[in-house]
Amino acid sequence: MPKAFVVGHPIKHSRSPLIHGYWLKQHGLDGSYERIDVAPTDFAAFLKSFAGQGFAGGNVTIPHKEAAFAGVERRTANAERSKAVNTLWVEDGVLWGDNTDILGFMAHLDQSLGQGWEQDVETVLIIGAGGAARAIVAGLQDRAFARILIANRTFEKAEELVHDLQTGTGPVLQALPWGELETALPKAGLIVNTTSLGMIGQPPLTLDLSLAPKNAAVADIVYVPLKTPLLAQAEKRGLRTVDGLGMLLHQAVPGFAHWFGVTPQVTAELRDLIVADIEGT
Ligand code: NAP
């Protein structure tokens, strides 16, 4: 019976067991997927020992994504680009790491806005420069934008992100001081919140979206609540919106395929299941 896990610290609020549990049942598979709480000091040992405990692999969440990157034996190109690992599996005795947040964000963005949505977009504005921002910038770099601006409260982290991810080709990456965030809005065709602002228990992200172009799209990767104050404001102004739940669902697909041998689908029924759980919190 294949077993998989999500490892983090803390981990009890993770919705990943609901997602993978749904797919296991849907495909009639006799596998399991469980939460494992591992403190940072024990994470390196956990990486070495999980296969011996019968696990085929698992997901990695806060605060272990960088440690997982450092601890795996082989990495996919997406893991290398973002310097973070959120999906682990063992193949021919070798511990592999991937970053499926990249695919998860891009798949949901394309699905929500429709293929070809990026044709009229020259400037993308990313708010935040943490681990999730790195994955999102890496995904957006493959598209033909002129520039990607990264505004972060701690300016040095935005500069570091630009330094680490800038390549000779593709969109120009540019760090933006937090105080200049709104000056970038009039030219931003896509605005993405990757900070935890707007999450339940956190202050909202205060941004005057009346400054943004009328055809701009606004994405928020926070998914509790599903409609963040930023998305509510965007919707009120008639801007296109992309919520954070789709990214969570799509990033789960490759891991399931590795551990259980079936590529699952992100269905409306699965989404409804997680929405109901979020609304019950
Ligand atoms: P992280 O690495 O800890 O980064 C947090 C980011 O939020 C940093 O840019 C940080 O700025 C900023 N921030 C935090 N508090 C702030 C405040 N009061 N004012 C301004 N900026 C603030 O975390 P992460 O892994 O990137 O995750 C960020 C958010 O995305 C979390 O809410 C997480 O749940 C969500 N997420 C969603 C998905 C999904 O599938 N939808 C996937 C991954 C993450 P500083 O650098 O200045 O501290």
Side-chain angles (χ1 to χ4, degrees), residues 6-16 18-20 40 59-69 78 82-87 98-109 111-112 125-139 149-165 175-182 192-207 218-231 241-255 266 270-271 274-275 277-278 281:
V6 55
V7 61
H9 184 69
I11 197 61
K12 69 174 191 287
H13 297 299
S14 171
R15 272 148 183 117
S16 292
L18 259 184
I19 299 171
H20 292 282
N59 288 122
V60 180
T61 189
I62 291 174
H64 299 313
K65 290 184 187 179
E66 286 78 19
F69 174 83
N78 277 345
S82 54
K83 295 195 169 63
V85 158
N86 76 336
T87 303
D98 189 11
N99 187 336
T100 66
D101 280 340
I102 299 176
L103 175 150
F105 178 76
M106 295 307 292
H108 180 54
L109 192 67
Q111 203 174 64
S112 305
L125 174 60
I126 304 292
I127 304 161
R134 283 176 175 261
I136 287 166
V137 171
L149 307 176
I150 299 108
N152 195 48
R153 177 180 62 175
T154 311
F155 184 59
E156 294 71 27
K157 274 182 68 183
E159 287 186 310
E160 255 174 61
L161 186 158
V162 169
H163 175 265
D164 291 346
L165 271 77
L176 196 72
W178 190 246
E180 290 174 28
L181 187 48
E182 289 196 337
V192 188
N193 175 41
T194 76
T195 72
S196 45
L197 292 172
M199 193 161 89
I200 196 160
Q202 296 281 325
L205 171 62
T206 46
L207 206 59
V218 179
D220 200 330
I221 68 162
V222 169
Y223 56 87
V224 185
L226 202 55
K227 194 186 288 183
T228 61
L230 182 73
L231 291 182
T241 60
V242 182
D243 67 40
L245 178 56
M247 175 179 176
L248 181 78
L249 300 178
H250 284 277
Q251 64 76 31
V253 170
V266 173
L270 170 61
R271 195 184 149 88
I274 311 301
V275 169
D277 187 65
I278 290 171
T281 52

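Both counts, for ligands and for their atoms, begin at 1 and track the order of listing. This structure is a prediction, so every number in the text was calculated from the model and none was measured. Heavy atoms only: backbone and side chains are in, while hydrogens, waters and symmetry mates are out.
Ion pairing of R134 with D101 is absent here, as no side-chain N (NZ or NE/NH1/NH2) approaches a carboxylate O to less than 4.0 Å. Using a cutoff of 4.0 Å between basic side-chain nitrogens and carboxylate oxygens, K227 and D220 are not scored as salt-bridged. Ion pair D164/K157 not flagged as a salt bridge, since none of the NZ, NE, NH1 or NH2 atoms sits closer than 4.0 Å to an Asp/Glu carboxylate oxygen.
Among the atoms of P203, none of the N or O lies under 3.5 angstrom from an N or O of ligand 1. The shortest N or O to N or O distance between T154 and ligand 1 is below 3.5 Å. On a distance-only criterion, G128 and ligand 1 share no N/O pair closer than 3.5 Å.
Residue contacts with ligand 1: K157 is included, with a non-hydrogen atom under 4.0 Å away. Put simply, part of W178 is less than 4.0 Å from ligand 1, judged by heavy atoms.
Counting the atoms of ligand 1 from 1 in the order shown, those under 4.0 Å from a heavy atom of M247 are 39 (C), 40 (O), 41 (N), 42 (C).
Scanning the protein heavy atoms around atom 9 (O) of ligand 1, the nearest turns out to be N152 OD1, 2.7 Å. Scanning the protein heavy atoms around atom 6 (C) of ligand 1, the nearest turns out to be T195 CA, 4.0 Å.
Of all the listed residues (I200, I221, I62, L197), L197 holds the heavy atom that lies closest to atom 19 (N) of ligand 1. Ranked by closest heavy atom to atom 29 (C) of ligand 1, the top entry among T228, T194, L245 is T194.
Side-chain N or O atoms of T195 include one that pairs as donor or acceptor with a backbone N or O of L197 at under 3.5 Å.
The proximity of A129 to ligand 1, defined as any non-hydrogen pair under 4.0 Å, is limited to the backbone.
Using a 3.5 Å distance cut-off with no hydrogens or angles, the side chains of N78 and N99 do not pair a donor with an acceptor.
Contact record, I126 with V137: CG1-CG2, 4.0 Å, taken as the closest heavy-atom pair.
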